[in-house]
Number of protein chains: 2
Amino acid sequence: MGVTKTDLFTEKQNQMAVMAKAFGHPARIAIIEHLLKTNSCITNDFVSEFGLAQATISQHLKELKGLGIVKGNVEGTSMCYCIDSEVWSKVQENFESLFAKFDCERSC
Amino acid sequence: MGVTKTDLFTEKQNQMAVMAKAFGHPARIAIIEHLLKTNSCITNDFVSEFGLAQATISQHLKELKGLGIVKGNVEGTSMCYCIDSEVWSKVQENFESLFAKFDCERSC
DNA sequence: CTCCCATATCGTAATATTACGATGTATTTT
DNA sequence: AAAATACATCGTAATATTACGATATGGGAG
């Protein structure tokens with residue numbers, strides 16, 4: 001066990017869960033916030049700014065890149081990361097449509 | 001290792017990550033969606049609706065309850081679960097303020 | 001009181017995540 | 001070419017998550 005039974009849920013629900021995982025670690029939140037603020041690029045910025053090892057930052061970036069939220073292109077000897085606006089908008093839409101389902105009248 | 005270094009990040013970033021984890025599993029997404037739609041209660045509904053074992057559903061509900069997103073009160077022999085509107089609004093706010101930071105001009 | 005019913009909790013196994021040192025790779029500098 | 005810089009990837013250890021059977025608990029029904 002320990003493996004999520006994705007076949008029991010809808011495509012949308014599984015996607016939602018996957019996207020949420022992107023936000024499920026403070027380092028990734030910090031990376032995203034940093035990119036949203038400065039659209040800056042250099043991976044090493046993160047390494048020196050947060051206290052995490054370079055390998056760890058690289059791993060988090062890989063995850064975000066895998067989800068499409070972030071994309072990177074080579075910039076000489078370093079790496080230029082930024083938010084993919086299309087994917088970001090889609091993620092935003094999904095979260096907002098979930099929040100929109102809330103009916104205050106019916107809550108407790 | 002395997003333990004998140006929360007001390008390296010801000011309180012807000014850590015909170016955000018924790019909240020995101022609530023959405024980080026399709027079963028919890030499904031539970032939340034169900035509660036948003038019907039505000040219905042009975043735990044057993046989830047057990048029969050999804051194909052997960054009762055213990056597993058109970059575990060997911062416990063997590064959501066621990067985060068405050070969901071609260072439950074006894075209803076005879078069963079359990080009445082619903083969304084806590086105050087907590088839900090706070091979560092919504094946090095996500096929306098993150099999304100609001102996106103500047104389309106600056107993306108790539 | 002005894003038998004169900006719905007839930008919770010415990011124990012445990014399988015898998016996923018987090019983290020980092022070591023090492024590989026590509027580009028720039030000297 | 002050699003050294004330095006910036007990242008990526010590999011291997012691995014520690015911990016977290018997911019799932020479920022078994023077992024407890026706390027009512028309501030008979």
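Order of the sequence lines sets the chain letters (A, B, ...), proteins ahead of strands, with each chain counted from 1. Everything numeric in this text was worked out from a predicted model, so none of it was measured.
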Checklist entry - Can you check whether A:Phe99 and B:Phe99 have ring centres sitting under 6.0 Å from each other? => result no
From [options], nucleotide with atom closest to [X] side chain:
X: B:Thr43; options: C:dA19, D:dC20, C:dT7; answer: C:dT7
X: B:Met79; options: C:dA16, C:dA8, C:dA19; answer: C:dA8
X: A:Asn44; options: D:dA6, C:dT7, D:dC20; answer: D:dA6

Item to check | Nearest-nucleotide comparison on DNA chain D, the residue closer to the 5′ end among B:His25 and A:Asp45 | outcome: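 The residue mapped nearer the 5' terminus is A:Asp45.
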Checklist entry - Between residues 9-23 of chain A and DNA chain D, which residues have a heavy-atom gap below 4.0 Å? => result none
Mind calculating the distance between [atom1] ([X]) and [atom2] ([N]) to the nearest angstrom?
X: A:Asn73; N: D:dA8; atom1: CG; atom2: C1'; answer: 16 Å
X: B:Lys5; N: D:dA16; atom1: NZ; atom2: P; answer: 14 Å
X: A:Leu8; N: D:dT18; atom1: CG; atom2: P; answer: 14 Å
X: B:Phe46; N: D:dT18; atom1: CZ; atom2: C1'; answer: 18 Å
X: A:Asp7; N: D:dT18; atom1: CG; atom2: P; answer: 15 Å
X: B:Ile29; N: D:dT17; atom1: CD1; atom2: P; answer: 16 Å

Checklist entry - Hey, which of these two, B:Ile42 or A:Leu52, hits DNA chain C nearer its 5' end, going by closest nucleotide? => result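 Looking at the nearest nucleotide for each, B:Ile42 comes out on the 5' side.
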Item to check | Along DNA chain C (nearest heavy atom to each residue), the more 5'-positioned of A:Thr77 and A:Arg28 | outcome: A:Arg28
Is a donor on one side and an acceptor on the other found under 3.5 Å between the side chain of [X] and the backbone of [Y]?
X: B:Ser97; Y: B:Asn94; result: yes
X: A:Thr56; Y: A:Leu52; result: no
X: A:Asn44; Y: A:Val47; result: no
X: A:Asn14; Y: A:Thr6; result: yes
X: B:Ser89; Y: B:Ser85; result: yes

Next on the checklist: Just verifying a value: how many Å separate A:Ile29 CD1 and B:Lys12 NZ, rounded to the nearest 0.5 Å?
Outcome noted: 11.0 Å
Checklist entry - For DNA chain C, which residues in residues 54-69 of chain A have a heavy atom at a distance below 4.0 Å? => result A:Ala55, A:Thr56, A:Gln59, A:His60, A:Glu63
Checklist entry - Phosphate oxygens OP1/OP2 of D:dA6: is one of them under 4.0 Å from a side-chain N or O of A:Tyr81? => result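 No, no such contact exists.
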Checklist entry - Does anything in residues 21-34 of chain A pair up under salt bridge (Lys or Arg N to Asp or Glu O under 4.0 Å), and if so which pairs, sequence neighbours excluded? => result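 Counting only pairs at least two positions apart or across chains, the salt bridge (Lys or Arg N to Asp or Glu O under 4.0 Å) contacts touching residues 21-34 of chain A are A:Arg28-A:Glu63, A:Glu33-B:Lys101.
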Next on the checklist: Can you confirm whether the side chains of B:Gln13 and B:Thr10 place a donor and an acceptor under 3.5 Å from each other?
Outcome noted: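 Result is yes, a qualifying pair exists.
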